[in-house]
Number of protein chains: 2
Amino acid sequence: MEHITEMLKGVLEGCVLEIISRGETYGYEITQHLRELGFTDVVEGTVYTITMRLEKHNLVDIEKKRSTVGPPRKFYTLNEAGKEKLDTFWEKWDFVSNKINELKSKEIKRRG
Amino acid sequence: MEHITEMLKGVLEGCVLEIISRGETYGYEITQHLRELGFTDVVEGTVYTITMRLEKHNLVDIEKKRSTVGPPRKFYTLNEAGKEKLDTFWEKWDFVSNKINELKSKEIKRRG
DNA sequence: AACACTATTCTGCGATACTATATACCAGTA
DNA sequence: TACTGGTATATAGTATCGCAGAATAGTGTT
C-alpha cells in the first residue's frame with residue numbers, strides 16, 4: 001500500500017511506542033518491524049525523527065550497546081511516562097477508529 | 001476526546017468526502033456532522049480548509065444557494081474524481097486500521 | 001584498500017489541522 | 001434604528017508530523 005503518508009500521521013509514533021514496549025529495541029530494528037507489519041515504505045529517517053521525539057519528551061530510557069555487525073546501537077525502553085503515553089495512544093486510537101468505522105457503516109442523521 | 005489532532009490528519013478529509021457523498025451539503029453543516037460524530041473540537045475553519053482543498057483538486061461540484069437564515073451556502077457534491085478519491089480513502093483506511101489493530105493484538109516476531 | 005552491510009544522524013520540505021480573526025447575511029428584540 | 005445571536009464563508013499565520021536524501025560511522029570480507 002502506497003501513499004498512506006498522511007494517514008500515518010499521529011499513529012506511527014504510537015506504533016513505535018508499542019513496539020518498544022514489547023522489549024528493548026533500536027531504531028533500525030523498529031523500522032524493520034514496521035516494514036514487516038506492512039508499512040513497507042517506512043524508512044530509517046522517519047523512525048529516527050520519532051525516536052528523537054520520544055527522547056526529547058522523556059518517554060524512553062536509552063542504553064547504547066556495541067554490535068559486532070556495525071556501529072553501536074541505541075536501545076530504547078519505555079519509562080513510566082512512555083507507558084502512559086502508549087495507553088493514551090490506544091485510547092485515542094480506539095475512539096477515532098470506532099468513530100470512523102461508525103461513519104463508514106452508518107446512515108447520517110439529516111436535518112429537515 | 002481531546003488532543004486527537006494529529007491522529008485526524010489524513011482521515012478528516014476522507015470523513016468530509018464520505019459526508020458529502022451522502023448528499024449535497026455545505027461547510028457549516030459538515031462541521032456539525034463531524035461534531036455529532038464525536039469530533040467535538042472540529043471548527044469551521046478546519047473544515048473550510050478541507051473543502052477548499054477539495055475544490056482545488058476538482059473533487060467536488062459546487063452550487064451556491066440562498067438561505068433564509070444567513071448568508072448564501074456553498075453546496076458540495078462529489079464528482080467522479082471525488083468518488084474515486086473516497087473509494088481509495090476507504091481502501092487505505094482498511095489497510096492501515098487493520099495493520100494497527102494487528103500490531104495492537106499480536107505478538108511481535110523477535111529475531112534470535 | 002576497497003567494498004558491502006549495518007545503523008545512526010542530520011536537515012529541509014510539503015501536507016495537514018488548528019488558532020484567531022474578519023466579513024457578511026438574516027431574524028428577533030428593545 | 002441599534003443591538004444581539006446564529007449562520008456561513010474566507011484568510012493569514014503557526015505547529016506538528018512523516019518523508020526524502022544524504023552524510024557519517026562501525027564491522028567484516030575480499
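Look at A/K64 and you won't find any side-chain N or O under 4.0 angstrom from OP1 or OP2 of C/dT8. For C/dT8, the OP1/OP2 oxygens have no side-chain nitrogen or oxygen of A/Y28 closer than 4.0 Å. At least one side-chain nitrogen or oxygen of A/R53 sits closer than 4.0 Å to the OP1 or OP2 atom of D/dG18. Between C/dT8 and A/R73, no contact under 4.0 Å exists linking OP1 or OP2 to a side-chain N or O. Residue B/T46 places at least one side-chain N or O under 4.0 Å from the OP1 or OP2 atom of C/dC18.
At a threshold of 4.0 angstrom between heavy atoms, the contacts of A/G27 are confined to the sugar-phosphate backbone, with no base atom among them. At a threshold of 4.0 angstrom between heavy atoms, the contacts of B/T5 are confined to the sugar-phosphate backbone, with no base atom among them. Nucleic acid contact for A/T31: none, since no nucleic acid atom lies under 4.0 Å from a heavy atom of the residue. Using a 4.0 Å heavy-atom distance criterion, A/E13 is classed as a sugar-phosphate-only contact. Among the heavy atoms of the strands lying under 4.0 Å from A/T68 are primed sugar atoms or P, OP1, OP2 only; no base atom is included.
Here D/dA10 is the nucleotide among C/dC25, D/dA10, D/dG26 with the atom lying nearest to any side-chain atom of B/M52. Nearest to the side chain of B/V43, among C/dT19, D/dT16, C/dT8, sits C/dT19. Set against D/dT27, C/dT8, C/dA15, the side chain of A/E6 has C/dA15 as its closest nucleotide. Here the nucleotide nearest the side chain of B/L12, chosen from C/dC25, C/dT16, C/dC18, is C/dC18. Of the candidate nucleotides D/dT11, C/dC26, D/dT7, D/dT11 has the atom nearest to the side chain of B/Y48.
Each of B/Y48 and B/I50 belongs to its own hydrophobic cluster when Ile, Leu, Val, Met, Phe, Trp and Tyr are linked at side-chain heavy-atom distances under 4.5 angstrom.
Counting heavy atoms of neighbouring residues, nucleotides and ligands inside a 6.0 Å radius, atom NZ of A/K85 does not exceed 12 of them.
Judged by distance alone, with hydrogens and angles left aside, the side-chain atoms of B/T40 form no donor-acceptor pair with the main-chain N or O of B/E36 at under 3.5 Å.
Side-chain contact, A/Y76 with A/E63: no donor N or O sits under 3.5 Å from an acceptor N or O.
When the nearest nucleotides of DNA chain C are assigned to A/F75 and B/G45 by heavy-atom distance, the more 5′-ward of the two goes with A/F75.
Judged by distance alone with a 3.5 Å cut-off, no donor-acceptor contact links the side chain of A/K9 to the base of D/dT16.
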Check against side chain to side chain contact (heavy atoms under 4.5 Å, CB included), B/L78 and B/V60: CA-CA 5 Å; B/L78 291 196; B/V60 286; 3.9 Å; yes
